[in-house]
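Worksheet: one structure, shown below.
All values derive from a computational prediction rather than experimental measurement.
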Amino acid sequence: GGAFQVAGAVSGKNFDVAHYISHPTPLIVPLMLRVKTKRSVMTMFDGNLNGFWKKLWNPIISWLCNRTLDTVTVQTEYQAKLLKRTSIKTVTEIIPPILPVLKRTCKRSKNPSLLFMSHMHPNKGINEVIEAYKILKKKISELSLIIADSGITKNREYADGIKSMHDNMITLKEVVNPAEELSKAWVYLYPAREAQENFSVPLSLVESIQVRTPWIAADVGGIKEYFESAFLVKAGNAEAIAALTKKLIEKPKVGRMTKRFSNQ
């Protein structure tokens, strides 16, 4: 409904630029058909471009995009190569994302702690996080796990399952202050199983680096283009996560960004 309302509000008016921060989807059709503009740009942030080419409506929407758009921007080579295999033939440019600027707000927790700051969904790697925690708990009895999810109430099945473990060292909470959560953590975990429905360049990894907290991520999508490979593991490998986490707890080290760019 929102797309139709916006389309109605701008219909008949002339603009210099229309910027669609989206992927090809029927939701943008009302805007593309009504907005008069000198130049149209689409930015796709999803690490796997939301898999738009697999949808039944793809041929029509992609045809409209090719007819309307002047440029498509992505953030990684992985996305650019993926886009070449789709029916979108518009000129593609790789433009790095704007980086967040965070400062450390406090000291890390007294005892070793792991932080998972995402939705409790299999594709986000929550199963691997819990399994890695169980492995490490046998060696580090004082270890705690913080699961900070902005949609805790939407993942009741996982929340109930975690509570049934009766482990008072696991905390479920809403994300209120990412800088504080990252500052307290000993290791931040981002073990997404796939690039789909994840930012192409996970900004939480950038934030972790900025507050000087060690991090571990899965090697999916274009992540390895921006982040040090020594801190990446194969997706779905809880044992590898546990092994690397143990090393970082014993000898903290923060992985670097391997690409340098400016918000300018």
Quick check on Lys89: does its NZ atom have over 12 non-hydrogen neighbours (other residues, nucleotides or ligands) under 6.0 Å away? yes

When you measure from the side chain of Ser208 to the backbone N and O of Ser204, does any donor-acceptor pair fall under 3.5 Å? no

Asn237 side chain to Glu239 main-chain N or O, any donor-acceptor pair under 3.5 Å? yes

Taking the side chain as everything from C-beta on, heavy atoms only, tell me whether Tyr226 gets closer than 4.5 Å to Phe261. yes

Backbone N or O of Cys106 within a donor-acceptor pair of the Arg104 side chain at under 3.5 Å? yes

Is there a side-chain contact between Met165 and Ile130 (heavy atoms, below 4.5 Å)? yes

Which atom pair, heavy atoms only, marks the closest approach of Val41 to Leu69? C-CD2, 4.1 Å

Would you say the side chain of Lys259 lies within less than 4.5 Å of the side chain of Glu225, judging by non-hydrogen atoms? yes

Between Ile140 and Ile249, what is the shortest heavy-atom contact and its length? CD1-CD1, 3.9 Å

Hey, is NZ on Lys137 packed in by over 12 heavy atoms from elsewhere, all under 6.0 Å? yes

Same cluster for Ile95 and Phe199 if Ile/Leu/Val/Met/Phe/Trp/Tyr side chains link at under 4.5 Å? no

Tell me yes or no: between the side chains of Trp53 and Ser62, is some donor less than 3.5 Å from an acceptor? no

So does Met44 get a backbone contact from the side chain of Gln79, meaning a donor-acceptor N/O pair under 3.5 Å? yes

Side-chain contact test, heavy atoms from C-beta onward, threshold under 4.5 Å: evaluate it for Pro122 versus Arg193 and give yes or no. yes

Tightest non-hydrogen contact, residues Gly125 and Phe116, listed as C-CE1, 4.4 Å

Pairwise side-chain contact, His23 with Phe45, heavy-atom cut-off 4.5 Å (strictly under): no

Near-ring test Phe227/Trp215, centroid separation under 6.0 angstrom: yes

Heavy atoms only: give me the nearest Val175-Asp149 pair and the separation to one decimal. CG2-N, 3.7 Å

Same cluster or not: Ile170 versus Leu136, using hydrophobic residues (I, L, V, M, F, W, Y) connected whenever any side-chain heavy atoms lie under 4.5 Å apart? yes

State whether a side-chain donor-acceptor pair under 3.5 Å links Lys124 with Asn198. yes

For Lys253, is the NZ atom crowded, meaning more than 12 foreign heavy atoms sit under 6.0 Å from it? no

Mind checking whether Met42 and Thr73 have side chains closer than 4.5 Å, heavy atoms only? no

Compare every heavy atom of Ile28 with every heavy atom of Ser22, then report the nearest pair and how far apart it is. OG-CG2, 4.0 Å

Counting only heavy atoms not in Ile60, do more than 12 sit closer than 6.0 Å to its CD1 atom? no

Decide whether Thr71 and Arg39 meet the rule of one side-chain donor and one side-chain acceptor closer than 3.5 Å. yes

Any donor-acceptor pair under 3.5 Å from Glu228 side chain to Gly255 backbone: no

Restricting to non-hydrogen atoms, name the atom on Pro100 and the atom on Val206 that form the minimum distance, rounded to 0.1 Å. CD-CG1, 4.1 Å

Side-chain touch Asp70/Thr90, heavy atoms, less than 4.5 angstrom: no

With a 4.5 Å heavy-atom cut-off, do Leu114 and Trp186 have their side chains touching? no

Sidechain-backbone polar pair: Ser113 side chain, Ser109 backbone, donor-acceptor under 3.5 Å: no

Where the side chain of Thr213 meets the backbone of Leu182, is there a donor-acceptor pair that is under 3.5 Å apart? yes

So, the side chain of Asn48 versus the backbone of Gly51: is there a donor-acceptor pair under 3.5 Å, distance only? no

Inter-residue atom distance Arg212.CZ - Leu102.CG, 0.5 Å rounding: 12.0 Å

Going by distance alone, is a donor N or O of one side chain under 3.5 Å from an acceptor N or O of the other, for Asn111 and Glu142? no

Can you confirm whether the side chains of Asn127 and Tyr158 place a donor and an acceptor under 3.5 Å from each other? yes

Examine Val129 and Ile135 and state if one hydrophobic cluster contains both, with Ile, Leu, Val, Met, Phe, Trp and Tyr joined whenever side-chain heavy atoms are less than 4.5 Å apart. no

